[in-house]
Amino acid sequence: MEELRKTYNPKEVEGKIYKLWEKSGFFNPDKLPKRHKKPFSMVLPPPNVTGTLHMGHALTVTIEDIIIRYQRMLGRKTLWIPGTDHASIATETKFLKESGVRKSDYGEKRQEFIDLVNDFALKNKDAILKQLRSLGASLDWSRLAFTLDKKRINAVEEAFIKMHPKKGEGIIYIGLGKVVNWDVKNQTAVDDQEVEYEVCKDKLYTFRYSKDFPISISTTRPETKVGDTAVAVNPRDKRYRQYIGKKYENIKFVGVNLSIEIIGDPSIDMQFGTGAVGITPYHSKVDEEIADRHGLRKIQVINGVDRMNHNAGILEGLKVDEAKERVVEWLRSNELLEKEPEEIEHNKPKSQRSGGKIEYLPHRNQFFVSVSKPIPERKTKTLKELLSDAVKSGKIKIFPKRFEKVYLNWVKNLRDWSISRQIWYGHRFPVWYVPPAPTGDDLDYIVSRTKPGQGYEQFKDTLDTWFSSGLWTFSTLGWPGKTKDLKKYHPTYVLETGYDIIFFWVARMILMSQFLLGEIPFKTVYLHGLVRDEQRRKMSKSLGNVIDPLDMTAKYGTDALRFALIFNTAPGADSTISEEKIKGMRNFANKVWNATRFVLQNTKSKTQNPKYKTSSKDKTNLQKLKKLVKEITRDLESFRFHRAAERLYHFFWHYYADKVIEDYKKGLVSKALLFKFHETLIKLLHPFMPFITEEIYQKLPIKNKKTCLMVENWPK
RNA sequence: GGGCGACUAGCUCAGCGAUUAGAGCGUCCGCCUUACACGCGGAAGGCCUCAGGUUUGAAUCCUGAGUCGCCCACCA
């Protein structure tokens with residue numbers, strides 16, 4: 001037998017071992033040995049093709065690979081599906097930023113532009129797939145998927161049509177003039193979830209529209225006031241009660257004729273400002289809701305390119321910021337300002353993706369998924385109800401449990417999902433119209449996979465990227481086809497992902513699966529936290545504190561990185577990673593390696609004829625080992641991966657190495673026991689440190705050895 | 001405004017009802033003891049944020065306070 005080197009060298013092991021696994025075919029459940037019967041399935045959260053993998057991905061892969069390897073060893077028919085996400089808006093934004101390409105140069109050459117983004121995406125995709133392999137992920141590559149490949153495009157179209165068979169039907173509708181969050185920088189609408197709020201100091205202006213207007217109002221956005229159609233007060237407010245119902249016509253405000261109705265609405269806070277709010281229905285979501293409640297007129301005064309439009313009178317053509325100054329000047333010179341502007345803290349909306357300004361404005365042909373329309377095929381329940389039922393009923397369990405509350409609270413406040421994006425890279429709508437472009441009030445369109453006839457053009461917009469990821473658990477299994485995979489592996493068993501995408505992704509998968517299949521997409525959701533640096537900061541390029549997982553695996557080995565990631569990492573809690581921690585785990589890997597050397601050196605010579613009698617210590621040692629197996633198994637069953645890892649680390653080093661091996665040297669324990677310990681520990685460690693344990697397994701003289709440790713029986 | 005989490009060794013964190021409270025990294029002393037210096041032996045270091053309560057027993061459960069952080073809603 002060859003001598004093991006003194007220190008473990010992951011470089012000469014990992015590539016070789018991964019090939020061995022791939023060659024075995026055991027990543028694919030169809031090729032697993034007979035004993036693997038009961039299916040166990042999971043999808044990998046498809047990484048965005050915006051770049052390469054970071055520590056967060058590495059943690060995801062580590063946890064999921066631990067789960068799948070454990071289940072495989074238990075004897076389940078394990079399927080873990082790999083894939084990547086086209087991430088339409090994120091990828092397009094990133095591409096524009098990195099390439100310097102200007103979209104405006106491609107006005108009529110949409111396909112050319114898409115090809116460029118595609119190239120960019122493909123390059124990243126290849127890198128990602130390589131990285132996944134190098135992290136040791138035992139994914140079934142034969143089922144590799146991409147959210148924008150042919151099969152998934154088919155699934156998306158099918159889903160859309162099921163949700164919206166034709167104009168006026170289903171749960172998708174076009175929001176004619178519904179206010180959207182408009183990302184001025186990216187020139188697209190985005191969903192509520194993609195809007196972030198930044199606290200900043202702003203000026204609150206208090207004024208009247210005109211000298212004879214009875215009520216003064218406060219606002220941080222005076223320029224929008226040319227679009228006001230009402231002033232709302234609280235009906236209980238004694239100061240204003242007598243005005244409710246009155247109408248003031250022909251108010252001259254910055255050269256615009258305003259017509260303002262005084263309305264009473266209980267949502268108005270009497271304490272804030274003057275207790276009266278100027279209602280701007282087309283440039284505020286809250287105002288829009290109030291306007292709908294009271295049947296108010298709506299006037300758009302700001303356009304999509306950050307300028308005032310033709311309804312803004314003398315402000316027309318001005319940039320929004322300029323218009324603001326102009327209005328303030330006008331108010332001053334007309335002595336309408338009640339007092340000097342106050343500095344207040346204000347939450348300013350901005351786009352999570354582009355970092356640019358969000359302007360609320362009406363959009364003519366924006367598609368929405370209604371979350372509150374009763375669905376006949378689902379016992380007239382609404383999506384909202386389906387979403388909350390899935391978790392409330394206990395069909396889906398979220399772990400850690402506290403996230404169930406977070407989820408349910410979110411569902412409670414959920415508004416319709418805005419799914420149209422004015423982005424080019426992504427899924428097209430199976431929706432057609434006859435040009436000129438649909439800007440009319442009554443838009444005519446046809447829902448169809450293919451061109452419905454002469455003169456039709458397809459909708460220019462693309463779908464929110466989460467629309468396709470929402471289908472992931474079943475689109476990867478062949479849906480809408482009635483495939484064997486779908487029957488066997490859906491619902492999936494565990495959905496493991498970061499808590500930061502519980503709404504974006506987890507909720508959307510539940511939504512899609514409930515609507516389209518009438519079943520849950522997974523039984524358990526396991527959420528992990530953010531991976532931070534040693535000082536608990538988020539890793540970011542601008543901070544320069546990014547630790548690249550591949551650098552670390554190259555330096556210390558994949559097993560060391562994986563162990564460091566899971567060590568001391570509680571479920572749902574943010575964790576930290578540092579080079580020092582990884583180094584420590586590299587040392588552990590080396591400890592495992594050298595214990596193996598010791599065992600091999602002591603077994604190779606006279607293994608045939610072991611004369612070791614069971615010693616007094618053997619019995620207690622065996623009990624200890626048995627207890628450990630029980631604990632590790634329990635930890636894994638209850639998703640306490642960190643505890644299992646910590647236990648294993650401690651047991652291996654401070655019990656097995658420090659006590660058992662030392663006792664063996666003194667002749668206090670038998671060789672059989674030593675070997676039993678080693679074999680068992682290697683198996684228990686395998687899900688966590690797959691490479692080194694597999695390498696060791698291949699070298700150990702074990703009876704009835706299998707092709708690889710990966711399919712060995714989990715110790716009992 | 002609503003909700004959630006954290007506060008444990010110098011640092012980062014496990015532990016969440018019961019024997020002298022743990023790990024990684026760091027610190028100090030001594031060792032190349034033929035598996036391992038990516039190591040071995042030893043040591044220092046903790047009123048487990050504070051105040052009440054429940055309990056035979058609390059870092060662990062309950063109540064309250066303080067500090068920090070996160071999420072959701074968005075306030076004109």
Side-chain angles (χ1 to χ4, degrees), chain A residues 3-9 192-193 195-197 199 202 204-206 217-222 224-225 228 231-233 265 267-269 271-280 283-287 290 344-349 400 402-415 499-500 502-503 529-530 532-536 556-557 560 563-564 566-602 640 642-643 645-647 649-650 653-654 657-658 661-662 664-665 678:
Chain A
E3 265 298 322
L4 259 56
R5 40 187 313 157
K6 211 169 164 185
T7 48
Y8 171 61
N9 182 3
D192 292 348
Q193 279 195 65
V195 180
E196 282 179 346
Y197 295 88
V199 184
D202 220 337
L204 184 70
Y205 300 90
T206 303
I217 56 166
S218 295
T219 184
T220 53
R221 300 283 311 268
T224 64
K225 297 290 107 182
D228 282 10
V231 164
V233 297
D265 197 283
S267 71
I268 306 303
D269 180 355
Q271 311 300 322
F272 190 91
T274 61
V277 188
I279 300 298
T280 324
H283 298 287
S284 152
K285 292 207 173 189
V286 178
D287 290 7
I290 294 176
I344 59 158
E345 286 219 328
H346 179 68
N347 274 342
K348 215 175 194 169
R402 65 187 146 92
F403 285 105
E404 288 189 356
K405 222 171 155 182
V406 176
Y407 169 88
L408 289 171
N409 183 52
W410 178 80
V411 171
K412 210 171 102 195
N413 296 317
L414 189 60
R415 286 200 257 197
Y499 66 70
D500 52 331
I502 179 167
F503 309 135
L530 256 49
R532 298 167 176 274
D533 79 353
E534 231 174 345
Q535 290 144 52
R536 308 223 66 220
Y556 303 108
F563 217 79
I566 199 64
F567 205 87
N568 250 334
T569 299
D574 292 354
S575 61
T576 53
I577 193 81
S578 64
E579 190 159 345
E580 288 310 309
K581 191 174 176 187
I582 300 165
K583 214 189 233 172
M585 297 308 149
R586 186 269 320 260
N587 296 350
F588 176 57
N590 199 51
K591 188 76 185 176
V592 173
W593 184 253
N594 273 289
T596 307
R597 279 183 80 205
F598 181 82
V599 169
L600 285 177
Q601 280 167 16
N602 282 275
R640 320 261 179 194
H642 63 304
R643 274 170 80 171
E646 285 149 26
R647 237 190 266 279
Y649 181 101
H650 197 256
W653 201 314
H654 300 299
D658 289 354
I661 291 184
E662 292 308 314
Y664 173 82
K665 284 180 185 170
H678 205 75

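We use all heavy atoms of the structure for the numbers below, so side chains are in, but hydrogens, waters and symmetry mates are not. Per chain, numbering begins at 1; letters A, B, ... match sequence-line order.
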Can you check nucleotides 37-39 of chain B for protein contacts, nitrogen or oxygen pairs under 3.5 Å, and list what you find?
from	atom 1	to	atom 2	distance (Å)
B:C38	O4'	A:Asn587	OD1	2.8
B:C38	O2'	A:Asn590	ND2	3.1
B:C38	O2	A:Arg586	NE	3.0
B:G39	OP1	A:Asn587	ND2	3.4
B:G39	O3'	A:Lys591	NZ	3.2

Worksheet item: A:Glu196: what forms a side chain to side chain contact (heavy atoms under 4.5 Å, CB included) with it, not counting sequence neighbours?
Response: A:Lys350, A:Gln352
Worksheet item: By side chain to side chain contact (heavy atoms under 4.5 Å, CB included), which residues pair with A:Ser218, not counting sequence neighbours?
Response: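 By the side chain to side chain contact (heavy atoms under 4.5 Å, CB included) rule, A:Ser218 matches A:Leu204, A:Thr206, A:Thr274.
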Discussion item. Which nucleotide wins on minimum distance to the side chain of A:Lys405, given the candidates B:C72, B:G3, B:A35?
Written reply: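 Nearest to the side chain of A:Lys405 among the choices is B:G3.
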Worksheet item: Ignoring hydrogens and geometry, is there a side-chain-to-backbone donor-acceptor pair from A:Lys225 to A:Gly278 under 3.5 Å?
Response: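 It does hold such a pair.
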Discussion item. Under 4.0 Å, counting only non-hydrogen atoms across every strand here, what does A:Ala595 touch: a base, just sugar-phosphate, or nothing?
Written reply: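 Base contact.
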Worksheet item: Is A:Lys285 atom NZ crowded by more than 12 heavy atoms from other residues, nucleotides or ligands, each under 6.0 Å away?
Response: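 More than 12 within 6.0 Å, yes.
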Worksheet item: Under a 3.5 Å cut-off on both pairing distances, which runs of 3 or more consecutive Watson-Crick or G-U pairs involve RNA chain B?
Response: B:1-7 with B:66-72, B:10-13 with B:22-25, B:27-31 with B:39-43, B:49-53 with B:61-65
Worksheet item: Could you run down nucleotides 26-32 of chain B 5' to 3' and tag each one B, S or - for protein heavy-atom contact under 4.0 Å?
Response: -------
Item to complete: For the pair A:Lys665 and A:Glu662, find out whether any cationic side-chain nitrogen is under 4.0 Å from an anionic carboxylate oxygen.
Response: yes
Worksheet item: Does a donor on one side chain sit under 3.5 Å from an acceptor on the other, for A:Tyr499 and A:Asp574?
Response: yes
What nitrogen or oxygen pairs link the protein and nucleotides 5-12 of chain B at under 3.5 Å?
from	atom 1	to	atom 2	distance (Å)
B:U12	O2'	A:Thr576	OG1	2.3

